[in-house]
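Everything below concerns the one structure shown next.
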Amino acid sequence: MRLPYSRQTVGAAEAAAVSAAVQDALLTGGPTLARFEAALADAVGATHAIAVSSGTAALHVAYLAAGVGFADEVLTSPLTFVATANAAVYCGAAPRFADVDAHGNLDPSAVAADVARHGTPRVIAPVHYAGHPAAVDAIADAAPDAVLVEDACHALGAGWRDPSGVWRRVGDGARAAMTVFSFHPVKTITTGEGGAVVTNDALLARRCRRLRDHGLVREPAELEAPDGPWSYEQHELGFNYRLTDVQAALGLVQLGRLEHFLAARRQVAEQYDRALGALAEVRPIGPAPGTRSGWHLYPVRVSAARRRHVFEALRADGIGVQVHYAPVHLQPYYRRRFATSAGDCPAAESLAREVLSLPCFPGMDGADVATVVTALARALEERPRPTARAEERTDAVHAG
Ligand SMILES: *Cc1c(COP(=O)(O)O)cnc(C)c1O
């Protein structure tokens, strides 16, 4: 693929840091991990960061720390990667899906309607789709008793102006109890695989750390029946969700380049915005006013009847367009296990029939953007047009 929808930017500085880290005394649980966590907390304006082995692991420990268990529910957006809902099922809970707004984010009025109908869920997990900040203030107001856990896997470095006019950073804990990030290579920064939970709550942070490490407690003051200086105790069932110091070394260098990555993604988005103004059939899904997107994706809508053709034509040109996402509530597993069905979230379903993610990553230049836009214009001029019926069959296309 000449231009994938996203690609990491890793250079000599990362290579040097990783090379040094593999020769350190501690390959895991060492000081580089602690430095990465401190730098991440600082970058998003949170008090605590707990780095884990993936964004999925971060969602899992965050939901557990929020108290999600059997018979609980997690309300989220259907327009997300399956992990947002899967992590709720790992806890023995059931997902609930509310519909999205024009930006692809949980619609606060849909949340309010869902809460009025089914009661307050344990957790609400807004997803900042494409890096476009969701309306977390309105969502929090719609369900004041739910714990807010943001899935910010697309949105490291994004921000929004709150109702009092103050700029907030995604992850600063202004409204959310916890915020989750992913460091998969397609995301804003990478550690290969990796993720993190950030929070301002010391108890939630301690719980996430414990869950990352088998539920073990080592602090002498926290032990129930200390037997000696060798003692540790297991207080709950946790996991091995640790991030290595080698990964943390990579993450530290990447974090140092965060502002550059964000500016480069924003520049690509602005170039698309300008160039696509001339293509009436292509409608970008942009961020809400008063927000600053992380531009993990540059999603556009084309008519459902043309999408398959456009997808195939761009792929044939070496342009890695992708569909983000087949709605989670329409996945066979969720239909079977939780009896979700078409019609549950009409706005998300309609968006999912039309959406394509265009390549968007820091290594792209203006010529790459022009290449994509030219290919898009050519594909839209071509005949024959597939029927809407044929297009519907592509709904299950997986977009990782
Ligand atoms: C990438 C992603 C995840 C999962 O992160 P991993 O690090 O791949 O486990 C969860 N939610 C969203 C919205 C994502 O984009």
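As the structure lists them, so they are numbered: ligands from 1, and atoms in each ligand from 1. Just so you know, these numbers use all the heavy atoms, side chains as well, and skip hydrogens, waters and symmetry mates.
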Taking [atom] as the reference point, the nearest protein heavy atom with its distance:
| atom | value |
| --- | --- |
| atom 11 (N) of ligand 1 | Asp151 OD2, 2.8 Å |
| atom 9 (O) of ligand 1 | Thr56 OG1, 2.5 Å |
| atom 2 (C) of ligand 1 | Lys187 NZ, 2.6 Å |
| atom 15 (O) of ligand 1 | His154 NE2, 2.8 Å |

Does one side chain, of [X] or [Y], offer a donor that lies under 3.5 Å from an acceptor on the other?
| X | Y | value |
| --- | --- | --- |
| Ser6 | Arg265 | yes |
| Asp201 | Thr199 | no |
| Thr191 | Gln247 | no |
| His329 | Gln331 | no |
| Tyr241 | His60 | yes |

In ligand 1, which numbered atoms sit nearer than 4.0 Å to a non-hydrogen atom of [X]?
| X | value |
| --- | --- |
| Thr80 | 13 (C) |
| Gly55 | 5 (O), 6 (P), 7 (O), 9 (O) |
| Thr84 | 11 (N) |
| Ser182 | 1 (C), 5 (O), 6 (P), 7 (O) |
| Ser54 | 7 (O), 9 (O) |
| Gly194 | 7 (O) |
| Tyr325 | 15 (O) |

Practice task
Could you tell me whether the side chain of Phe361 reaches within less than 4.5 Å of the side chain of Tyr5, counting heavy atoms only?
Solution key: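 Side-chain contact under 4.5 Å: no.
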Handout entry: Short N-O contact, Arg283 and Glu354, less than 4.0 angstrom
Key =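 Here Arg283 pairs with Glu354 in a salt bridge, since their nearest N and O are under 4.0 Å apart.
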Handout entry: Short side-chain to backbone donor-acceptor contact, Gln234 and Val217, under 3.5 Å
Key =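 No: the side chain of Gln234 does not pair with the backbone of Val217.
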